[in-house]
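Before any comments, here is the structure.
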Protein chains: 2
Amino acid sequence: MGAEGHSDGTVGKALDVLDLVARQGAPVRFSDLMAQTDYPKATLYRLLQTLTNQGMLALDPDTGAYALGMRLVRLAHAAWAQSSLAPIARPYLDELAEKTGETIHLAQMDQGQVLYVDKRNAAKPVEMFAQAGKVGPAYCTGVGKAMLAWTAPEALDQALARQSFYRHTDQTLDTPEKLLAELKAIRARGHAFDREEHEKGIICCAVPILTRSGRVLGALSVTSTTARTTLEALEGQAGLIKDIAAKIAAEAESWRFPEQN
Amino acid sequence: MGAEGHSDGTVGKALDVLDLVARQGAPVRFSDLMAQTDYPKATLYRLLQTLTNQGMLALDPDTGAYALGMRLVRLAHAAWAQSSLAPIARPYLDELAEKTGETIHLAQMDQGQVLYVDKRNAAKPVEMFAQAGKVGPAYCTGVGKAMLAWTAPEALDQALARQSFYRHTDQTLDTPEKLLAELKAIRARGHAFDREEHEKGIICCAVPILTRSGRVLGALSVTSTTARTTLEALEGQAGLIKDIAAKIAAEAESWRFPEQN
DNA sequence: GACTTAGTTTCAGATAATGGAACCAAACGG
DNA sequence: CCGTTTGGTTCCATTATCTGAAACTAAGTC
């Protein structure tokens, strides 16, 4: 707690509070929030009022509990539709899912963390919203490492500083040094693996989605289990995954920036 | 334009800008935004900077265009999961969809507008996120009228003031008076109809989702076409819909407010 | 090479945020 | 039943923050 950093102005504080409410996972009352922040009573109170006025929060009149507001859901729709790769990538994910029969993840980087923006499940039909929006660690997932490998130096430093390097399994790369060496290897190879680094028995092969100028837009991965397949077999799909990633990148560039001269 | 109203402070302005970006539907450059707002250059600039710092917006370094940021997607996920009825209602929607074979809508009220938070399509499998988050008018949809009918007087006034009463079809209730009369009838009947008021050929039967204390949480509807069925046939489902709505309400109350004594 | 156009920075003044403290209401306890 | 604690809301003088005209820089254009 307390390591919030250099919040910019009132807006920053308001958004802090918004995050705080989001983190709870359930509606919270004033005093609960009060206990979790350093803001003085009156300040927190006004912040909450403002956010509620604005529809970013909703105050349940029965219980006096604050919950995230509907305006956020509306914004979310727009965010997902316009700024994530998901809508563009959808048909390609379908294609990849069908060809591989495995679980597919589409991810983007968010403040040093991996944000899953879409997903295809091996067995079950899609479960959007419930899955997309989830975040995960960057240093020990295939998509995370794929994105980091092509991230520019300064941004990479910032991202590295945000990694916990928690040792999820005995394969986890648990220091920046190990990770940097791995990133170099990934750049050379063109794709990243997850060698059960995040979860025992789960492996994946991931590739970055890059603009022509070499900037990272996101990453795409095919995930499976050691029970079902091997890393080598997954690597056999690397070419296919790269092709799909390239198609997504191409479409992203032509769609999202139509007015490029 | 400029009928923004009584924005509260800097936060309000920042959120205005956020909405503005969201409204565009695609990444926009500074000058495009500049043209659409009354804020002076420097002010808009600083607001955009702040929002970008905070991860609510993302500035594409190649094109200099602002898009909605990933932090928003993350917040959105939380909003949907924690504060909408959708996660609670999911299994019940499935049940209702299966029993009726028709399109199901789950909606909540957001600033006088109907916000669809989940949906089951008659034919195709679920398309979340792509569908949920959409907004629609309240005065001429089944779910909208169902919610308005049980809305407390002052809130109702506010909501009515926000309706456009645009005449979508010749069945549209295009004045507050007609609507109020209809709301009375709906309260008496216990469920609302959409008699092709929004779109020709589209009809529905909707019921409110109410807390024990009588507060509106949302609404649930079964939608069909005049080609496939009739209003009378739909009304035959009203009992079923009400049962499902009651279950959702019950679960919402016990789940979202577990600490009620 | 002068002239737009697009984006960024400055700075004194205006405004809005701050937070300690007082206040109110409801639940609690004796 | 009344004093007290808990939970939430309002006041208001102080001060930090936001404001926005204008100056400035960096790229295009002609």
Side-chain angles (χ1 to χ4, degrees), chain A residues 2 4-21 24 26-54 56-67 69 154 213 257-261, chain B residues 1-2 4-21 24 26-54 56-67 69 154 213 256-261:
Chain A
E4 279 312 323
H6 38 136
S7 67
D8 26 16
T10 318
V11 176
K13 287 174 200 171
L15 295 178
D16 266 6
V17 172
L18 201 59
D19 265 354
L20 183 61
V21 175
Q24 311 296 121
V28 250
R29 269 165 318 114
F30 179 85
S31 47
D32 298 319
L33 292 171
M34 189 61 218
Q36 293 177 59
T37 161
D38 296 335
Y39 297 126
K41 229 182 183 185
T43 301
L44 177 62
Y45 181 70
R46 257 177 299 103
L47 251 24
L48 286 169
Q49 285 241 117
T50 304
L51 288 168
T52 305
N53 268 335
Q54 293 292 327
M56 301 297 279
L57 292 179
L59 177 57
D60 186 311
D62 289 349
T63 63
Y66 292 93
E154 345 76 60
S213 65
F257 325 126
E259 66 282 273
Q260 78 207 332
N261 84 317
Chain B
M1 38 200 70
E4 283 310 324
H6 38 132
S7 68
D8 25 16
T10 318
V11 176
K13 287 175 199 167
L15 294 177
D16 266 5
V17 172
L18 201 60
D19 265 354
L20 183 61
V21 175
Q24 310 297 122
V28 249
R29 265 162 328 111
F30 179 86
S31 48
D32 298 319
L33 292 170
M34 190 62 219
Q36 293 178 61
T37 161
D38 295 334
Y39 297 127
K41 228 184 186 183
T43 301
L44 178 62
Y45 180 71
R46 256 175 302 102
L47 287 168
L48 286 170
Q49 286 238 116
T50 305
L51 288 169
T52 305
N53 269 334
Q54 294 291 328
M56 301 297 280
L57 293 178
L59 178 55
D60 186 311
D62 290 349
T63 63
Y66 292 91
E154 345 76 60
S213 66
R256 290 193 37 205
F257 325 125
E259 65 282 273
Q260 78 207 330
N261 85 316

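Reminder, nothing fancy here: chain letters follow the sequence lines and each chain counts from 1. What's counted below: heavy atoms across the whole structure, side chains too, no hydrogens, waters or symmetry copies.
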Whole-Å gap separating [atom2] ([N]) and [atom1] ([X]):
{"X": "B:Gln49", "N": "C:dT10", "atom1": "CD", "atom2": "C1'", "value": "14 Å"}
{"X": "B:Leu51", "N": "D:dC18", "atom1": "CG", "atom2": "P", "value": "12 Å"}
{"X": "A:Met34", "N": "D:dT9", "atom1": "CE", "atom2": "P", "value": "13 Å"}
{"X": "A:Tyr39", "N": "D:dT9", "atom1": "OH", "atom2": "P", "value": "19 Å"}
{"X": "B:Asn53", "N": "D:dT17", "atom1": "CG", "atom2": "C1'", "value": "16 Å"}
{"X": "A:Leu48", "N": "D:dG7", "atom1": "CG", "atom2": "P", "value": "16 Å"}
{"X": "B:Asp38", "N": "D:dA21", "atom1": "CG", "atom2": "P", "value": "12 Å"}
{"X": "A:Phe30", "N": "D:dT10", "atom1": "CZ", "atom2": "P", "value": "11 Å"}

(request) Measure the spacing between OH of A:Tyr39 and CG of A:Asp16 and express it to the nearest 0.5 Å. (result) 4.0 Å

Phosphate oxygens OP1/OP2 of [N]: is one of them under 4.0 Å from a side-chain N or O of [X]?
{"X": "A:Tyr45", "N": "D:dG8", "answer": "no"}
{"X": "B:Ser31", "N": "C:dT5", "answer": "no"}
{"X": "B:Thr10", "N": "C:dA17", "answer": "yes"}
{"X": "A:Lys13", "N": "D:dT17", "answer": "no"}
{"X": "A:Arg46", "N": "C:dT18", "answer": "yes"}
{"X": "A:Arg29", "N": "D:dG7", "answer": "no"}

(message) Quick check for you: among D:dG8, C:dG20, C:dT9, whose closest atom lies nearest to any side-chain atom of A:Pro40?
(response)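 The answer is C:dG20, which lies nearest to the side chain.
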
(request) Take B:Val17 and B:Lys13 through the test side-chain contact (heavy atoms from CB on, under 4.5 Å) and record every step on the way to the result. (result) CA-CA 6 Å; B:Val17 172; B:Lys13 287 175 199 167; 5.7 Å; no

(request) Let me see the working for A:Leu47 and A:Thr43 under side-chain contact (heavy atoms from CB on, under 4.5 Å), right down to the final yes or no. (result) CA-CA 6 Å; A:Leu47 251 24; A:Thr43 301; 4.2 Å; yes

(message) For B:Thr43 and A:Lys41, find the nucleotide of DNA chain D closest to each by heavy atoms; which residue's nucleotide sits nearer the 5' end?
(response)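 Whichever sits nearer the 5' end wins; that is A:Lys41.
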
(message) Taking the nucleotide of DNA chain D with the nearest heavy atom to each, does B:Ala42 or A:Tyr66 sit closer to the 5' end?
(response)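 Looking at DNA chain D, the more 5' nearest nucleotide goes with A:Tyr66.
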
(message) With a 4.5 Å cut-off on side-chain heavy atoms, are B:Val21 and B:Leu18 touching?
(response) no

(request) Show the numbers, then the answer: is there a side-chain contact (heavy atoms from CB on, under 4.5 Å) between A:Val11 and A:Leu15? (result) CA-CA 6 Å; A:Val11 176; A:Leu15 295 178; 4.0 Å; yes

